[in-house]
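Let me begin by presenting the structure, written as structure tokens, before commenting on it.
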Amino acid sequence: MIVSFNPSVRTLMGPGPSDVPPRILSALARPTIGHLDPEFVNMMDEVKGLLQYAFQTKNELTIPVSAPGSAGMECCFVNLVEAGDKVIVCQNGVFGGRMKENVERLGATAIMVEDEWGTAVDLAKVEQALKDNPDTKIVAFVHAETSTGASSDAKALCALAHQHDCITIVDAVTSLGGSELKVDEWGIDAIYSGTQKCLSCVPGLSPVSFNEKAIEIIKNRKSKVNSWFLDLNLVMGYWGANAKRAYHHTAPVNALYALHESLVILQQEGLENSWARHTHHHLALRAGLEAMGLEFVVAENDRLPQLNAVTIPEGVDEAQVRSRLLNEYNLEIGAGLGSLAGKVWRIGLMGHSSRGENILLCLSALEAILSDMGAKINIGVAIPAAQKALNQ
Ligand SMILES: *Cc1c(COP(=O)(O)O)cnc(C)c1O
């Protein structure tokens with residue numbers, strides 16, 4: 001007979017999901033009520049307000065899509081792109097490639113601007129693509145590329161797109177809550193994120209936000225949105241301001257309690273404080289890893305604090321290290337993807353995972369396993385280096 005599932009308690013320091021704090025897990029266990037219950041509708045409004053704070057926007061259409069980050073991505077593209085459109089897609093890692101898939105499946109043309117994995121999106125290349133393609137409608141890029149740990153200059157990319165009369169679609173799945181992000185000030189037109197990265201909520205929801213310009217485009221489409229579930233014209237009747245709350249789909253009631261709790265936690269900490277905490281802990285992890293002799297993949301100025309891609313010591317079986325971390329220390333870190341597969345580890349410091357004790361656990365576990373495997377690393381220096389940085 002199959003019995004109840006009881007997972008091990010892990011420390012999650014990979015590319016997501018991040019550690020979910022007990023406060024959020026207990027919010028999930030609160031009584032399920034109807035999704036049209038006035039109490040629930042009131043909570044939905046609070047979630048919208050809290051998301052506006054997290055995104056730093058006054059956009060009315062700021063809601064969680066009832067599905068993971070990938071659905072938020074699809075929601076932006078399927079609503080804003082029509083067959084025949086031209087979209088500049090910046091690719092410097094895995095997720096830009098998924099944007100291309102979205103654009104092409106909608107019968108539109110993706111003009112690819114490619115940068116090496118581990119580097120930021122190159123503004124000069126985007127400008128050239130805009131000049132070469134004056135009929136471009138949208139510029140799409142990933143703010144925080146989780147596959148490499150590189151951050152791109154979202155503010156400058158949006159300004160450039162607007163100079164050429166384009167709107168922007170921004171992937172902020174890993175940036176939201178973890179590093180500076182200002183939707184209104186930077187002029188982001190459409191943005192999507194996820195709950196399981198720096199918000200430290202359970203996976204399965206995707207906060208999105210659209211400004212007036214984007215909504216105008218959606219309302220004036222020549223063709224119907226190619227997805228019934230993600231058609232914002234319909235979703236707005238459920239989540240929209242002054243909407244009649246017409247039944248569209250059953251919201252994931254308990255998952256939204258969890259999102260509400262995670263956003264209350266963010267508000268209590270303060271958004272700027274959360275950004276600063278991610279940077280502080282990144283610097284401590286970095287001090288420890290570099291003392292040990294590991295190197296960062298991304299140039300210093302483009303590094304994400306919440307996702308640290310580091311090189312693997314020569315001759316080490318990287319998969320074996322990860323499985324020993326999991327089995328012996330209940331600690332998860334991430335592998336490299338795509339062109340970085342087998343070459344790097346990705347150590348996440350996202351949301352609730354971004355804590356001093358996690359850094360010390362990760363460094364001591366890595367040091368113990370690597371030295372046991374005979375890797376050439378510096379012993380006994382990582383923890384003091386990290387501790388010094390933590391005390392600064
Ligand atoms: C995780 C991630 C996604 C996808 O989110 P899911 O919730 O896994 O669907 C998209 N873009 C980036 C940059 C991500 O890190």
Side-chain angles (χ1 to χ4, degrees), residues 12-20 24 51 54-55 63-78 89-103 115 117-121 140-154 157 168-181 188 190-209 227 229-230 252 255-256 258-259 262 278 297-298 302-309 332-338 340-341 344-351 353-354:
L12 301 179
M13 297 181 73
S18 56
D19 283 341
V20 180
I24 295 177
L51 280 177
F55 275 128
I63 59 167
V65 171
S66 302
S70 304
M73 176 188 283
E74 193 131 354
C75 180
C76 288
F77 285 93
V78 81
V89 173
C90 308
Q91 180 168 15
N92 59 342
V94 166
F95 293 99
R98 294 192 177 176
M99 289 177 155
K100 176 176 191 269
E101 274 292 317
N102 271 270
V103 169
D115 283 293
W117 288 40
T119 65
V121 172
F141 64 90
V142 179
H143 182 210
E145 200 18 285
T146 325
S147 63
T148 68
S151 166
S152 289
D153 188 343
L157 283 163
T168 48
I169 295 178
V170 180
D171 178 322
V173 176
T174 282
S175 50
L176 183 68
S179 42
E180 190 182 30
L181 172 64
I188 294 170
I191 190 164
Y192 60 91
S193 189
T195 44
Q196 78 278 30
K197 314 248 168 145
C198 294
L199 297 182
S200 267
C201 186
V202 287
L205 291 170
S206 177
V208 296
S209 185
S227 160
F229 183 66
L230 295 171
L256 286 168
L259 176 60
S262 74
H278 282 85
V297 176
V298 177
D302 300 330
R303 269 177 216 160
L304 285 169
Q306 60 273 54
L307 196 287
N308 299 269
E332 178 180 282
I333 66 168
L337 291 178
L340 295 177
V344 303
W345 287 309
R346 290 181 301 149
I347 304 177
L349 287 172
M350 299 181 180
S353 292
S354 178

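Hydrogens, waters and symmetry mates are skipped; everything else that's a heavy atom, side chains included, is used. In listed order, ligands and their atoms are each counted from 1.
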Quiz prompt | Ligand-side contact atoms (ligand 1) for residue partner Thr174, heavy atom cut-off under 4.0 Å | solution = 15 (O)
Quiz item: Quick check: does Lys197 get an N/O under 3.5 Å from an N/O on ligand 1?
Solution: yes
Quiz item: Can you tell me which residue and heavy atom of the protein come closest to atom 3 (C) of ligand 1, and the distance to 0.1 Å?
Solution: Phe95 CE2, 3.4 Å
Self-check item: Top protein contact for atom 8 (O) of ligand 1, by heavy-atom distance
Solution: Gln196 NE2, 3.6 Å
Quiz item: Do any N/O atoms on Ser70 end up under 3.5 angstrom from N/O atoms on ligand 1?
Solution: yes
Exercise. Measure from atom 6 (P) of ligand 1 to every heavy atom in Ala144, Gly348, Gly69, Ala172 and give the option owning the shortest one.
Key: Gly69
Exercise. Measure the spacing between OG1 of Thr174 and CD of Gln196 and express it to the nearest 0.5 Å.
Key: 8.0 Å
Quiz item: Mind checking whether Met73 has an N or O less than 3.5 Å away from an N or O of ligand 1?
Solution: no
Quiz item: Quick check: does Thr146 get an N/O under 3.5 Å from an N/O on ligand 1?
Solution: yes
Quiz item: How far is atom 11 (N) of ligand 1 from its nearest protein heavy atom, and which residue and atom is that?
Solution: Asp171 OD2, 2.7 Å
Quiz item: Stepwise, does the side chain to side chain contact (heavy atoms under 4.5 Å, CB included) test hold for Gln306 with Ser179?
Solution: CA-CA 8 Å; Gln306 60 273 54; Ser179 42; 3.0 Å; yes
Self-check item: Min heavy-atom dist Ala71 to ligand 1 below 4.0 Å
Solution: no
Quiz prompt | Evaluation steps, side chain to side chain contact (heavy atoms under 4.5 Å, CB included), between Leu157 and Thr168 | solution = CA-CA 9 Å; Leu157 283 163; Thr168 48; over 6 Å; no
Quiz prompt | Chi angles and distances behind the side chain to side chain contact (heavy atoms under 4.5 Å, CB included) call for Val142, Met99 | solution = CA-CA 9 Å; Val142 179; Met99 289 177 155; 4.1 Å; yes
